[in-house]
Structures are given as C-alpha cells and as structure tokens.
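The chains referred to below are lettered A, B, ... by the order of the sequence lines, with proteins before strands, and numbering in each begins at 1. The figures here come from the full heavy-atom set of this structure, side chains too, leaving out hydrogens, waters and symmetry mates. Just so you know, these numbers come straight off a predicted model, no measurement behind them.
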2 protein chains.
Amino acid sequence: MVERVVPEGSRQRRRPTKQGAVLSERLIVETALRLVEQHGAAALSVRRLGAALGADPTALYRYFRNTDALLLALADELIGRAQEGWTATGDWRADLRAIGLRLHARYQAHPQAALLAAHRTTGRTHETRVVERILAVLRTAGFPDDLAVRIYHAFVDQALAFAAQDAAALALPPAAREKEAEVWHEVYGRLPPGTHPHIAATFPLLAADMRDSGYPFALELLLAAAATLHPRAQAAPVGE
Amino acid sequence: MVERVVPEGSRQRRRPTKQGAVLSERLIVETALRLVEQHGAAALSVRRLGAALGADPTALYRYFRNTDALLLALADELIGRAQEGWTATGDWRADLRAIGLRLHARYQAHPQAALLAAHRTTGRTHETRVVERILAVLRTAGFPDDLAVRIYHAFVDQALAFAAQDAAALALPPAAREKEAEVWHEVYGRLPPGTHPHIAATFPLLAADMRDSGYPFALELLLAAAATLHPRAQAAPVGE
DNA sequence: TATGCACGTCAATGGTGTTGACGTAAGGTC
DNA sequence: GACCTTACGTCAACACCATTGACGTGCATA
C-alpha cells in the first residue's frame with residue numbers, strides 16, 4: 001500500500017480544491033466537529049464531510065489514514081477543550097464536582113466523538129494533565145495516598161463511563177431516540193400494579209427523573225461518601 | 001408498508017429454510033449473540049447473521065422490524081441472564097450490591113454484545129423485571145418515593161455505564177489491549193516529578209489499582225452515601 | 001382435501017468506507 | 001523564466017451495508 005498521509009508538520013504544497021477550499025488537518029477537524037454538532041452523529045460520513053469541505057470525499061485520506069484516525073483527532077480536541085479555563089479553588093469537593101461536570105458536559109456536546117474517546121486511554125498531554133490535577137486535589141485535601149488513588153479511580157471511571165453512556169443516547173439516530181422516549185411512556189406507563197406495583201406507584205416520578213442524566217446525583221453520592229472517608233471527616237451531607 | 005413482523009406468540013407456520021434451519025426469535029438472538037462473541041461486534045451484520053443461521057439474510061425481517069430491534073432483544077437477553085437465580089435477602093444494601101455486581105459481571109462475560117447493548121432502554125420483560133425489583137428493594141427498605149427513584153436512577157445508570165466502560169476494554173483486540181497497557185506504563189510511569197509530582201508520587205499505587213475495574217468501589221461509595229440519606233439513617237460506613 | 005396466508009427467497013436501491021490510478025499544478029532549483 | 005519532482009485533489013470502482021417490494025411455496029387449519 002502506498003503511504004498517502006503526509007504528517008501535518010511537513011506539508012508544503014497546499015492546493016485549492018475545484019471548489020476553492022484549501023484543506024488542512026485543522027480545517028477538517030473543525031468542519032467534522034461542526035457537522036456532528038449541527039446535524040447529529042449520523043451526518044458524519046466521508047462523503048458528507050467532503051461535501052461540507054468543498055472537496056472530493058477521498059481527499060480526506062491525504063490527511064488521515066482512516067476515519068478512526070480522524071475520530072481520535074476529534075477526541076483529542078475535546079479533552080483539551082474540557083479543561084480550558086478551569087482553576088482549583090482549594091475546596092476539594094467543589095473542585096472535583098467542577099472537573100466531573102465539565103468533562104461530562106464537554107463530551108455531551110460531541111456525542112459521536114465522545115463515544116470513541118471515553119473508552120480509551122490516550123496517554124496524551126491533555127489526559128495526563130487532568131489525572132495530575134485530580135490527584136493534586138485529593139492529596140492536597142489530606143487524603144492518604146492509597147485512598148486518594150482509589151477515589152481517583154472511581155471518580156475518573158465514573159465520569160468517563162457516564163459521559164459515554166449519556167453520549168450514546170445523544171448519538172442514537174433520531175428515530176431510535178424517539179422510540180426510546182416512547183418506550184418509557186408506552187411500556188413503563190402501562191405496567192399493571194398487579195405485576196409491577198412499585199413501577200406503577202412511582203411512574204410519574206420515574207418519568208420525570210429519567211429525562212435527565214443520572215450523573216449529577218451519582219457524582220454527589222460519590223463525593224459525599226468520599227468525604228466520610230477523609231481522615232478528618234466532618235459531617236458532610238450529600239450535595240454540600 | 002406491509003406489516004411483516006408477526007409477534008412471537010402467534011407464530012404457527014414454521015417453515016424450514018433452503019438449508020434446513022427452522023427459524024425462531026430465540027434462535028436468531030442466540031445465534032447473533034454467539035456471532036458477536038466469537039467474531040466481535042463488527043461481525044454482526046444482516047448478511048453474516050443470515051449465513052450463520054443458514055437462511056436468506058432478509059428472513060430476519062420476518063422476526064425483527066430492523067436491526068435495532070434485534071439489538072434490543074440481545075440487550076434484554078443479557079439482562080435476563082444476569083438475574084437468573086437472584087433472590088432478595090431483605091437487606092437493601094446487600095441486595096443492591098448483588099444486583100449491581102451481577103449485572104456488571106454478566107456484561108463482562110459478553111463484552112462485545114455489552115458494548116452494543118448497555119446504553120439502550122429495551123422496555124422488554126427482563127428489563128422491566130429488574131427495574132421493578134430495584135424499586136421494590138428501595139421502597140421496602142423505607143426510602144420515600146422521590147428518593148427511591150433518584151437512587152434507582154443513579155444506581156442503574158452507574159451499573160450500565162461501568163458495564164459498557166469495562167466491556168470496551170475487554171472488547172479490544174488482544175494486541176491493541178496489550179499495547180494500551182504498555183502505553184499506560186510507559187507514559188504514566190515516566191512522567192517526571194517536576195511536571196507531574198502527584199502521579200510520580202503515587203505511580204505504584206496507581207498501577208496496582210488501575211488493573212481492576214473501578215466499579216466495585218464506586219458502587220460501595222454510592223451505597224454508603226445512599227444509606228446516609230435513609231430517613232432512619234444509622235452509622236453505615238463504606239463497605240458495610 | 002381445499003384454501004388462505006406466513007414466511008423464505010430474490011432482485012434491486014441507495015447508502016457506506018476505502019483503494020489505486022491519474023494528471024495537474026505548486027515548490028524548489030537553476 | 002524553464003524544468004523537474006511530487007503532493008494531493010479527483011475519479012472510478014469495489015465490497016460491503018440495511019432495507020424494500022414482489023413472488024410463490026408449502027404449511028396449518030377447517
């Protein structure tokens with residue numbers, strides 16, 4: 001196979017497409033993100049991306065080895081953006097809450113890329129920086145090392161797992177997404193008290209609660225339980 | 001459009017395919033599950049499934065409206081298998097722990113299918129039964145309805161999110177999995193204390209802890225925090 | 001034994017990612 | 001300004017994919 005991808009650094013000959021666009025790795029990543037944002041995950045295909053760029057679809061392969069490489073580039077971009085503007089306050093619980101919610105929110109903005117990114121360890125600079133920051137928050141707060149590590153692990157995995165989980169719902173084709181919402185009302189709303197008494201009794205509450213992500217509350221529970229494990233634990237109820 | 005799917009209950013005329021197979025919803029689900037397990041999630045296509053069944057690929061559409069409906073059936077099958085043999089003990093915390101760990105374990109046994117299925121709401125019988133059971137555990141334990149619903153939501157989403165997260169790691173091709181573990185040691189094990197002091201200080205602990213899933217500990221934290229929200233809350237430390 | 005229709009089959013449609021060949025025009029050199 | 005070299009945009013083609021409508025066989029029922 002001919003090596004068709006030239007590393008971004010050594011690119012020199014930029015040549016406009018028939019429609020006048022001048023391609024670059026950066027332009028492609030930004031266009032792809034915009035495409036996903038505006039028209040949903042399903043809109044991201046090589047042909048549509050080519051159309052959006054104003055270029056032949058296969059021009060993409062001069063910049064990325066395949067679509068997976070493109071999606072990893074998107075993912076890297078996301079991780080970077082999630083940390084922009086964040087600074088520690090010194091309150092470990094508020095800091096972890098902010099980091100968790102930011103990561104979650106940023107991933108939700110690009111569900112398709114999030115689905116791929118959340119399950120992978122990249123070892124790239126953005127990722128190591130977040131890890132360092134979380135450990136810093138926990139150790140500075142006075143958690144002993146072994147406990148800090150365990151809490152870090154649960155916290156990070158939970159943030160990424162929920163990010164992927166909620167992204168998956170957003171990344172669903174519109175038809176399937178509508179169907180799922182419908183399933184909740186049609187199926188769960190009509191289960192008879194005889195066979196499913198607890199669902200029947202709480203259905204309105206259920207329907208209301210399931211509309212939003214379970215992550216914020218799960219995060220609060222994790223933080224509250226972690227607080228009770230602190231060597232100088234004080235009364236620190238959920239949500240504090 | 002002609003309605004082509006006949007509900008499983010009212011099926012009567014079974015007719016062997018050219019290759020002699022007698023199709024059924026159950027056979028299709030089991031074959032699909034086997035296909036995904038043996039050859040990965042990418043192997044699940046209508047054509048390949050037809051070949052594995054010994055039938056014309058489009059015969060599938062006599063049993064499922066589309067591939068998404070099949071996927072939901074797979075998901076529900078996994079949920080069902082996770083519950084086989086479970087019974088309530090009356091100790092809400094032990095019961096939820098058991099349900100969570102069972103779900104997680106069952107999905108890990110079928111990583112490829114778990115990846116596809118863990119994000120979906122099926123509305124099928126196995127799913128509604130778990131939902132009913134979890135709500136029963138919480139309400140019987142004395143949690144008020146609104147709290148029971150919120151805890152249920154966080155608990156279920158956490159279990160499924162972690163199931164998908166950990167399944168993703170298992171589902172990677174062995175080569176890629178080894179490579180990722182290697183990258184982790186190479187990158188995180190060599191970060192200089194100057195730029196990443198907290199990672200450098202805790203690396204041995206980190207490396208040991210990250211080998212296993214973060215779910216069991218995250219689940220304990222959730223249960224411990226939920227216990228403090230109980231109207232008759234007693235001292236109930238993590239892991240009790 | 002007769003009959004209606006369930007369902008397995010086939011052909012076709014319009015999508016997808018990806019590859020190899022080709023030629024044009026851009027950059028460097030003189 | 002002329003000449004090479006080659007990067008890279010384009011094109012055609014391939015092998016898949018899910019899904020559809022039409023068709024007729026042969027089964028279950030009456």
Side-chain angles (χ1 to χ4, degrees), chain A residues 1-25 27-28 31-32 35-36 39-72 74 112 116 172-176 179, chain B residues 1-25 27-28 31-32 35-36 39-72 116:
Chain A
M1 189 183 79
V2 183
E3 189 47 70
R4 37 219 311 168
V5 177
V6 171
E8 186 69 8
S10 56
R11 264 175 205 283
Q12 313 193 28
R13 310 192 185 184
R14 322 213 92 100
R15 190 173 154 186
T17 68
K18 267 189 174 174
Q19 298 167 57
V22 176
L23 302 181
S24 68
E25 195 171 301
L27 177 66
I28 294 174
T31 304
L35 210 55
V36 169
H39 302 99
L44 189 58
S45 77
V46 174
R47 284 165 225 273
R48 261 192 285 256
L49 181 52
L53 283 165
D56 186 279
T58 62
L60 174 75
Y61 294 96
R62 299 287 174 197
Y63 294 82
F64 298 95
R65 210 168 52 75
N66 51 33
T67 50
D68 194 62
L70 167 62
L71 281 161
L72 284 181
L74 295 191
Q112 173 73 9
L116 254 134
L172 237 41
K179 181 99 188 275
Chain B
M1 188 183 79
V2 183
E3 188 47 68
R4 39 219 309 168
V5 177
V6 171
E8 186 69 7
S10 55
R11 262 174 206 282
Q12 312 195 27
R13 312 195 180 179
R14 319 212 96 99
R15 189 174 155 187
T17 67
K18 268 189 175 173
Q19 298 168 57
V22 176
L23 300 182
S24 70
E25 196 171 301
L27 177 66
I28 293 174
T31 305
L35 208 58
V36 167
H39 303 101
L44 187 58
S45 77
V46 175
R47 283 162 226 271
R48 260 191 287 254
L49 181 52
L53 283 166
D56 186 278
T58 61
L60 175 75
Y61 294 98
R62 299 288 174 198
Y63 294 83
F64 298 96
R65 211 168 51 74
N66 52 32
T67 50
D68 196 64
L70 168 62
L71 192 59
L72 292 182
L116 297 175

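- When the side-chain nitrogen and oxygen atoms of Lys18(B) are compared with OP1 and OP2 of dC10(C), one or more of them lie within a distance under 4.0 Å.
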Residues Leu49(A), Thr67(A); criterion side-chain contact (heavy atoms from CB on, under 4.5 Å); working and verdict: CA-CA 11 Å; Leu49(A) 181 52; Thr67(A) 50; over 6 Å; no
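- The Thr58(A) side chain lies nearest to dT18(C) when the options are dG9(D), dT18(C), dA18(D).
- Residues that satisfy the side-chain contact (heavy atoms from CB on, under 4.5 Å) test with Ala43(B), not counting sequence neighbours, are His39(B), Arg48(B).
- We find that CG of Leu23(B) is positioned 10 Å from P of dC7(C), with the value rounded to whole Å.
- Residues satisfying the side-chain contact (heavy atoms from CB on, under 4.5 Å) criterion with Thr17(B), sequence neighbours excluded, are Gln19(B), Ala21(B), Leu23(B), Ala55(B).
- dG9(D) atom C1' lies 7 Å from atom CG of Asp56(A), rounded to whole Å.
- As a whole-Å value, the separation of Tyr63(A) OH from dT18(C) P is 18 Å.
- Rounding to whole angstrom units, CG of residue Leu27(B) and P of dG8(C) are separated by 11 Å.
- Residues Phe64(B) and Leu72(B) fail the side-chain proximity criterion, which asks for heavy atoms closer than 4.5 Å.
- Here the C1' atom of nucleotide dT19(C) and the CZ atom of Phe64(A) are 19 Å apart, to the nearest Å.
- Taking atom CG on Asn66(A) and atom C1' on dT16(C), their separation rounds to 14 Å, with Å as the unit.
- For the pair Ile28(B) CD1 and dC7(C) C1', the computed distance is 11 Å after rounding to whole Å.
- Side-chain proximity of Tyr61(A) to the nucleotides dG9(D), dG17(C), dC10(C) is greatest for dG17(C).
- Heavy-atom distances under 4.0 Å link DNA chain D to no residue of residues 45-54 of chain A.
- Taking every side-chain heavy atom of Arg62(B) into account, dA22(D) is the closest of dT19(C), dC10(C), dA22(D).
- Residues satisfying the side-chain contact (heavy atoms from CB on, under 4.5 Å) test with Asn66(A), not counting sequence neighbours, are Asp68(A), Ala69(A).
- To the nearest angstrom, C1' of dT10(D) lies 12 Å from CD of Gln19(A).
- Taking Thr58(A) as the reference, Asp56(A) meet the side chain to side chain donor-acceptor pair (under 3.5 Å) condition, with sequence neighbours excluded.
- Of all non-hydrogen atoms in Leu35(A) and Ala52(A), the two that sit nearest each other are CD1-CB, 4.0 Å.
- In this structure, Ala59(A) reaches the bases: a heavy-atom distance under 4.0 Å links it to at least one base atom across the strands shown.
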